[in-house]
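Below is one structure, written out as structure tokens, with a few remarks after it.
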Amino acid sequence: MPAASPSATSLGDRIFRWVTAISAALVLLIIGAIFVELVRHSSLSLHRFGLDFLTSTRWNPAKGEFGAASSIFGTLVSTAIALAIAVPLSLVIALFLVELAPPWISKVVGQAIELLAAIPSIIYGMWGLFVLAPVMSEYVQPALGRTLGSLPLFRGPPMGIGMGTAGLIIALMILPFITAVMRDVFRMVPDVVKESAYGMGATTWEVTRQVTVPYGIHGLAGAVFLGLGRAIGETMAVTFVIGNKHHISASLFSPGNSIASTLANEFTEASEPLYRSALVELGLVLFGITFLLQIGAHLWLRRLKKKMAVST
């Protein structure tokens, strides 16, 4: 077979370079277009409320009063609860599947995790409303109230739905994604690195803590931020169990709302221009929160990379 001519090779390289450049530019163009449309459609609310929109807890469509504080609070709190539950569990499960479990157990459990990741969010929401919420109201919340009722987090009537239940549902949803990525990260740790540590007399716990986790720390952080992106914008599952009340409370038993649940519940009912504009501004706020979290994540990863380079 004759070799390709240099001119044909250079032409293919140029075409490939332009295709990849256009694809990358298209991503930036889509992000910019989304931002412009959100600003354009929320301009009425932006001019009416200004920065007070971010700090106000008022939400009364009949009086034309709108504030995003309760929605922002519910979004951040439910996401924080979900990450606090899902990240440690995902880390432990991934370590078990890679380091300790027999191959057949690792395969079966791994397939089950992938199956959980494929379940639609509305199914999680229905399960949370009909199964988890009654369990929370009859057993979990009363027990927490009796033992930890002196803390503001666990005060109030055990209704089943609320911020705590929403955070737990989100945790169950993002756990398969985080676990699957962490498992793959741990599998990419070279065996020779771990075997060297074992050869020096290290225990399994020492190898895990001092070799496996540090080696894959960037991948583990990526898994966490993948779960964060899924959690902060979750809509249907949260809408079923959060209570959908524009209210800020320190208690995890109290109903609340998130930005996504507010949009899902009220957007179709927003006939007034100001009402619709306020809802679009909520979407703009969620877009901004996601953007800021991504910037913070990249800065943290860069700082972590420099710190590890200095330590080595």
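For the 3.5 Å distance criterion, the side chains of N244 and N257 fail to qualify, holding no donor opposite an acceptor. Between the side chains of W59 and E266, at least one donor-acceptor pair of N or O atoms lies under 3.5 Å. For the 3.5 Å distance criterion, the side chains of S254 and S249 qualify, holding a donor opposite an acceptor. The closest side-chain donor-acceptor pair between S45 and S42, if any, does not fall under 3.5 angstrom.
Under the 4.5 Å side-chain contact rule for hydrophobic residues, V213 and V207 do not share a cluster. Hydrophobic clustering, with ILVMFWY side chains joined whenever heavy atoms are under 4.5 angstrom apart, keeps L83 apart from L292. Taking hydrophobic clusters as Ile, Leu, Val, Met, Phe, Trp and Tyr residues chained together by side-chain heavy-atom distances below 4.5 Å, I122 shares a cluster with L263. Criterion: ILVMFWY side-chain heavy atoms under 4.5 Å apart, direct or through other members. Under it, Y198 and V192 are part of a common hydrophobic cluster. Under the 4.5 Å side-chain contact rule for hydrophobic residues, F267 and L286 share a cluster.
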Before you tell me yes or no, could you show the steps for L168 and M136 under side chain to side chain contact (heavy atoms under 4.5 Å, CB included), namely the whole-Å CA-CA distance, both residues' side-chain angles and the distance that decides it to 0.1 Å? CA-CA 10 Å; L168 184 56; M136 294 290 289; 4.2 Å; yes
List the steps and the verdict of side chain to side chain contact (heavy atoms under 4.5 Å, CB included) for H246 and R58. CA-CA 8 Å; H246 292 275; R58 298 188 302 271; over 6 Å; no
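Listed by chain and residue number, nothing satisfies the side-chain hydrogen bond (donor to acceptor under 3.5 Å, both in side chains) test with D184 (two or more places apart in sequence, or in another chain).
Remark: E269 does not engage R276 in a salt bridge, criterion side-chain N to carboxylate O under 4.0 Å. Ion pairing of R40 with E37 is present here, as a side-chain N (NZ or NE/NH1/NH2) and a carboxylate O approach within less than 4.0 Å.
Panel note: side chain T239, backbone T235; a donor-acceptor pair is recorded below 3.5 Å. In this structure a side-chain-to-backbone donor-acceptor pair under 3.5 Å is present from T75 to I259. Formation of a donor-acceptor pair under 3.5 Å by the S106 side chain with backbone atoms of P102 is not found in this model.
Aromatic ring centres of F291 and F35 lie farther apart than the 6.0 Å criterion allows.
Applying the salt bridge (Lys or Arg N to Asp or Glu O under 4.0 Å) test to pairs two or more places apart or on separate chains, those with a residue in residues 224-235 are R230-E234.
What you find for P255 and M159 is that their closest heavy atoms are CD-CE, 3.2 Å.
In this structure, R155 forms no cation-pi arrangement with F253, as its terminal cationic atom is not both closer than 6.0 Å to the ring centre and no more than 45° off the ring axis.
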